[in-house]
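Only this structure's heavy atoms are used, side chains among them; waters, hydrogens and symmetry mates stay out.
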Amino acid sequence: MLEGYAPGYGRDAVSMMSARTAAERATFAQPLFGPGMWVVDLGCGPGSITLGLAAESRVAGVDVDAGQIAMARDVARRAGRSTVDFVAASAYALPFASGSVDVAFSHALFEHLARPLDALAELRRVLKPGGRLALSTSDWSKARLRPKTANVDAALRGHYLLRRQAGGNPFAGRVIADQCATAGFTEIASRARYRSDMSYRDLAKYVEARLEAAIAEPGRDRDQLASAARSAWMWTRGGDGDFSQCWVEVTATR
């Protein structure tokens with residue numbers, strides 16, 4: 001299956017990623033960090049979370065997109081974080097020696113991966129024996145939307161289809177703990193946390209924009225996507241509502 005980053009790297013997506021901080025997104029992982037550790041942040045994007053991780057540790061942010069790495073390095077330079085570095089690499093081929101990393105962290109990546117088990121195996125490879133894993137991935141099946149009208153449902157089905165076409169799983173949070181066990185991790189603990197990642201109306205606009213972009217390009221499932229785009233158009237022009245996303249946070253041991 002082909003793999004891509006479904007949200008893309010447009011201004012709205014990068015702005016959303018850049019607004020995320022460790023104080024908000026990595027609270028569950030903070031107890032795992034200690035002085036002198038080596039921490040890897042997989043799928044670091046523009047580095048806004050990475051810079052807040054493990055202040056007394058060496059931190060390496062990894063992302064497959066070279067443009068995101070360039071942004072992250074610039075932000076780190078301006079912030080004066082000399083103990084943080086960034087590298088462009090695949091989640092399936094990390095440029096680190098086996099058994100060298102103390103803690104592997106990842107937020108908002110695994111829902112976009114076509115081969116999550118392979119990525120978990122690679123994280124397990126680079127972790128030291130007894131090293132810790134901390135990751136957070138979304139589960140759209142448990143997202144809270146009110147009101148959730150027929151148009152909202154139809155638009156979201158199109159949104160999920162785009163995620164799957166890009167190789168991801170919009171319901172990754174459902175299975176991530178079991179996948180960690182399959183990959184050989186132990187002492188697995190998981191919990192769901194709800195966040196208002198964006199407003200109800202902004203989510204509608206976000207979904208509509210991606211569906212409109214998808215049907216403007218040649219590809220499969222055009223009829224279904226076009227129908228979903230019409231529903232998204234109605235959603236954006238409806239009233240206000242509430243939206244909170246379900247993030248499943250998992251910790252485990254190598």
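Here the CD atom belonging to Q179 is positioned 6.5 Å from the CG atom belonging to L120, to the nearest 0.5 angstrom. Put simply, CD on E187 and CZ on R132 are 6.0 Å apart, with the number rounded to the nearest 0.5 Å. Here the CZ-OG distance, from R124 to S98, works out to 11.0 Å after rounding to the nearest 0.5 Å. From S141, atom OG reaches atom CG of L156 across 12.0 Å, with rounding to the nearest 0.5 Å. Interatomic distance, S244 OG to L145 CG, rounded to the nearest 0.5 Å: 7.5 Å. Annotation: the span from L203 atom CG to S196 atom OG amounts to 11.0 Å, rounded to 0.5 Å.
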Apply side-chain contact (heavy atoms from CB on, under 4.5 Å) to L94 and L42, showing your working.
CA-CA 9 Å; L94 296 174; L42 183 59; 3.8 Å; yes
Give the intermediate values and the outcome of salt bridge (Lys or Arg N to Asp or Glu O under 4.0 Å) for residues R195 and E249.
CA-CA 12 Å; R195 293 190 182 90; E249 299 174 342; 3.1 Å; yes
Mind running salt bridge (Lys or Arg N to Asp or Glu O under 4.0 Å) on R125 and E122 for me, showing each step along the way?
CA-CA 5 Å; R125 178 189 70 80; E122 183 66 352; 2.8 Å; yes
Please lay out, stage by stage, how R164 and D221 fare under the test salt bridge (Lys or Arg N to Asp or Glu O under 4.0 Å).
CA-CA 12 Å; R164 293 190 182 97; D221 303 312; over 6 Å; no
Run L135 and H107 through side-chain contact (heavy atoms from CB on, under 4.5 Å) and show every step you take.
CA-CA 6 Å; L135 62 86; H107 173 74; over 6 Å; no
Criterion side-chain contact (heavy atoms from CB on, under 4.5 Å) on V250 and C180, from CA distance to verdict:
CA-CA 9 Å; V250 174; C180 288; 4.1 Å; yes
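Looking at T137, its side chain does come within 3.5 Å of a backbone N or O of E111 through a donor-acceptor pair. For the pair S231 (side chain) and A154 (backbone), a donor-acceptor distance under 3.5 Å is absent. No side-chain donor-acceptor contact under 3.5 Å links S100 to the backbone of F96. When atom types are taken as modelled, the side chain of Y160 and the backbone of N169 share no donor-acceptor pair closer than 3.5 angstrom. The backbone N or O of W247 lies less than 3.5 Å from no partner atom in the side chain of S138, so there is not a single donor-acceptor pair. A donor-acceptor pair under 3.5 Å is absent between the side-chain atoms of R254 and the main chain of V126, judged by distance alone. In terms of modelled atom types and a separation under 3.5 Å, the side chain of D65 and the main chain of Q68 share a donor-acceptor contact. S227 places no side-chain N or O within donor-acceptor distance of the main-chain N or O of Q224, the cut-off being under 3.5 Å. Looking only at distances, a side-chain donor or acceptor of T27 sits under 3.5 Å from a matching main-chain atom of A23. Of the possible donor and acceptor atoms, none in the side chain of R81 sits under 3.5 Å from a partner among the backbone N and O of R77.
Judged by the 6.0 Å distance and 45° axis criteria, R58 is positioned over the aromatic ring of W38. Geometric assessment of R144 against the ring of Y194 yields a positive cation-pi assignment under the 6.0 Å and 45° thresholds. Cation-pi geometry between R174 and F171 is met: the NZ or CZ atom falls under 6.0 Å from the ring centre, inside 45° of the normal.
No side-chain heavy atom of P46 sits less than 4.5 Å from a side-chain heavy atom of V75. Inter-residue side-chain proximity for L133 and T253 is flagged as unmet; no heavy-atom pair is nearer than 4.5 Å. Residues F105 and V40 are not in side-chain contact: their nearest non-hydrogen atoms beyond the backbone lie 4.5 Å or more apart. Between M198 and Q245, every side-chain heavy-atom pair lies at or beyond the 4.5 Å cut-off. Inter-residue side-chain proximity for Q165 and L162 is flagged as met; some heavy-atom pair is nearer than 4.5 Å. No side-chain heavy atom of V101 sits under 4.5 Å from any side-chain heavy atom of K128. Residues F33 and V59 have side chains not in contact (no heavy-atom distance under 4.5 Å, counting atoms from C-beta outward). You'll find the side chain of D242 stays beyond 4.5 Å of the side chain of Y200, heavy atoms only.
In the hydrophobic clustering of this structure, V248 does not group with V175; members are Ile, Leu, Val, Met, Phe, Trp, Tyr whose side-chain heavy atoms approach within less than 4.5 Å, directly or through other members. Note on L161: it clusters hydrophobically with Y206, by side-chain heavy-atom contacts below 4.5 Å among ILVMFWY residues.
Of all heavy-atom pairs spanning L225 and A214, the tightest one is CD1-CB, 4.3 Å. A54 and V39 get closest at one heavy-atom pair: CB-CG2, 4.0 Å. Minimum heavy-atom separation, A192 to C246: CB-SG, 4.0 Å. Residues I188 and A177 come closest through the heavy atom pair CD1-O, 3.9 Å. Nearest heavy atoms, S106 versus D41: CA-OD1, 4.2 Å. Contact record, G45 with D63: N-OD2, 2.8 Å, taken as the closest heavy-atom pair.
Between D240 and R146 there is no salt bridge, since none of the side-chain N atoms of the basic residue sits less than 4.0 Å from a carboxylate O of the acidic one. For the pair R201 and E208, the salt-bridge criterion is not met [side-chain N within less than 4.0 Å of a carboxylate O]. Between K148 and D153 a salt bridge is recorded (basic side-chain N to carboxylate O distance below 4.0 Å).
Under a cut-off of 6.0 angstrom, the local environment of CE in M234 is sparse, with at most 12 non-hydrogen atoms contributed by other residues, nucleotides or ligands.
Note: W140 and F243 meet the aromatic proximity criterion, with ring centroids under 6.0 Å apart.
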